[in-house]
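This report concerns only the one structure given below.
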Number of protein chains: 2
Amino acid sequence: MPVPKGSTIDPERTRAAILEAATAVLYERGLDGVGVAELCALIGVSKETLYRHFGTKDGLVEAVLLARSERVSRWLADSAAAAGDNPRDQLAAVFDALREWYEDPVFRGCAMVNASAQHHVEAVRAITARHLDRYLDLLTGIAERAGAADPPLLGRQLLMLVEGATVVAAHHGTAGTGEQARQAALALLSAAAPASGDD
Amino acid sequence: MPVPKGSTIDPERTRAAILEAATAVLYERGLDGVGVAELCALIGVSKETLYRHFGTKDGLVEAVLLARSERVSRWLADSAAAAGDNPRDQLAAVFDALREWYEDPVFRGCAMVNASAQHHVEAVRAITARHLDRYLDLLTGIAERAGAADPPLLGRQLLMLVEGATVVAAHHGTAGTGEQARQAALALLSAAAPASGDD
DNA sequence: CCGAGATGGTACCGATCGGTTCGATCTTTG
DNA sequence: CAAAGATCGAACCGATCGGTACCATCTCGG
């Protein structure tokens with residue numbers, strides 16, 4: 001029962017609790033895989049409350065995706081930052097974080113990409129595009145600091161590797177995917193920035 | 001009106017025509033984005049006929065995905081084979097084919113991956129896994145013939161690149177994606193098979 | 001030219017969908 | 001204690017869902 005009822009009536013807290021619980025359910029079951037009634041039952045909230053806070057199922061979906069995009073992006077950026085100043089180490093740290101994610105039993109791929117894959121609502125597609133933009137910024141920054149010959153190019157190639165590893169881990173098997181992707185990323189970095197990462 | 005009615009009553013041909021028309025509609029609109037009634041109207045066939053041939057909407061979906069997987073896999077393999085005996089040329093040809101696909105205005109990502117992204121039916125997930133298996137076989141074969149140090153590793157890394165490029169092209173913009181992925185693939189090949197492709 | 005079978009069109013079924021409404025219950029505020 | 005507001009639970013709405021049934025029509029093999 002993720003939403004503690006009554007103890008303290010605080011709309012902000014209720015909204016946050018709905019958001020968190022709905023994020024997990026919608027990720028596991030898919031956006032169209034669970035109706036509003038069942039969703040409310042699962043997260044322990046009435047339909048009226050949910051609709052008062054989010055107006056529409058699409059509104060809830062957008063809020064869920066925005067929050068998740070924020071959380072995931074920050075998590076990856078923090079992982080890179082925690083690896084120190086060496087861009088090569090930062091890149092390795094990003095893929096270590098991804099590997100950890102892939103091994104989580106609830107892992108089911110990138111929620112934003114999954115959402116855009118069949119939900120053709122424009123707002124959802126925009127959220128996904130912005131999410132990928134954030135990934136790209138992070139990776140391009142690493143490429144720049146590593147002294148890559150063409151940082152935007154390497155950034156985009158690394159983005160493909162990140163998303164490809166996520167797809168493969170979700171739909172073809174987790175085994176080794178994170179480590180294999182990490183090696184490929186470092187190989188691409190070495191090829192694009194021959195004298196990188198060791199100063 | 002993709003299904004020419006009546007002219008020749010031939011169940012096999014009707015089934016094939018439904019399959020082809022449904023493939024296009026379900027790819028464009030998404031598996032859950034169009035109901036059976038509307039689907040039948042769009043492809044010009046009655047519900048009874050559709051259900052007689054495929055039994056169930058899920059049955060139709062599985063048949064559509066199987067046929068599409070077959071077609072796409074063969075197209076990529078043929079593209080590689082047409083590039084001659086040099087494995088490096090074959091790899092480049094695969095990504096040239098992908099680039100052509102990405103630029104098609106109806107391109108919306110990998111249909112199998114899209115289907116598995118939110119449709120948690122086991123049969124669909126199995127079809128997607130087998131589809132990725134075929135990609136992997138093609139790419140691992142190229143890696144082997146190129147003399148890669150670890151062909152299964154390189155094959156899986158190239159698979160990530162293929163799927164990642166497809167995701168990025170679908171959700172982050174087509175511009176340059178195919179060419180960037182091609183360069184990354186060749187860089188990975190060069191790094192893994194130093195003396196490859198030039199004999 | 002007639003019977004068998006494939007098809008189209010339509011009405012229909014129960015279930016579920018997203019969304020609204022209402023009254024009872026609870027907490028907080030004054 | 002009283003008023004305000006948040007929440008629950010359930011009933012309810014029209015629309016749509018996947019799937020079935022029925023019958024007229026059409027094509028083809030004998």
Minimum heavy-atom distance A/G173-B/R156, with the two atoms named: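 In this case the closest contact between A/G173 and B/R156 is O-NH2, 3.0 Å.
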
Any donor-acceptor N/O pair, [X] side chain to [Y] backbone, under 3.5 Å:
X	Y	result
A/H120	B/E28	yes
B/R15	B/H53	yes
B/Y27	B/G109	yes
B/K57	B/L31	yes
A/Q157	B/A181	no

Does a donor on one side chain sit under 3.5 Å from an acceptor on the other, for A/N114 and A/H119?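 Checked: A/N114/A/H119 side chains show no N/O donor-acceptor pair below 3.5 Å.
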
From [atom1] of [X] over to [atom2] of [N], roughly how many Å is that when rounded to an integer?
X	N	atom1	atom2	answer
B/K47	D/dT16	NZ	P	13 Å
A/R15	D/dT7	CZ	C1'	17 Å
B/H119	D/dC17	NE2	C1'	13 Å
A/L26	C/dG18	CG	C1'	14 Å
B/R29	D/dT16	CZ	C1'	14 Å
A/Y51	D/dC12	OH	P	19 Å
A/I43	D/dG9	CD1	P	13 Å
A/L39	C/dG18	CG	C1'	12 Å

Return the 5'-most residue of the pair A/E48, A/V36 with respect to DNA chain C, ranking by each residue's nearest nucleotide.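 Comparing both residues, the 5'-ward one is A/V36.
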
Give, ordered by number, those residues of residues 53-67 of chain B having at least one heavy-atom distance below 4.0 Å to an atom of DNA chain C; if nothing qualifies, reply none.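 Only B/H53 qualify.
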
Looking only at side-chain N and O atoms, does A/S46 come under 4.0 Å of OP1 or OP2 in D/dT7?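 No, no such contact exists.
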
Give a yes/no on whether any side-chain N or O of B/R52 is located under 4.0 angstrom from OP1 or OP2 of C/dA6.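 B/R52 to C/dA6 OP1/OP2: no side-chain N or O under 4.0 Å.
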
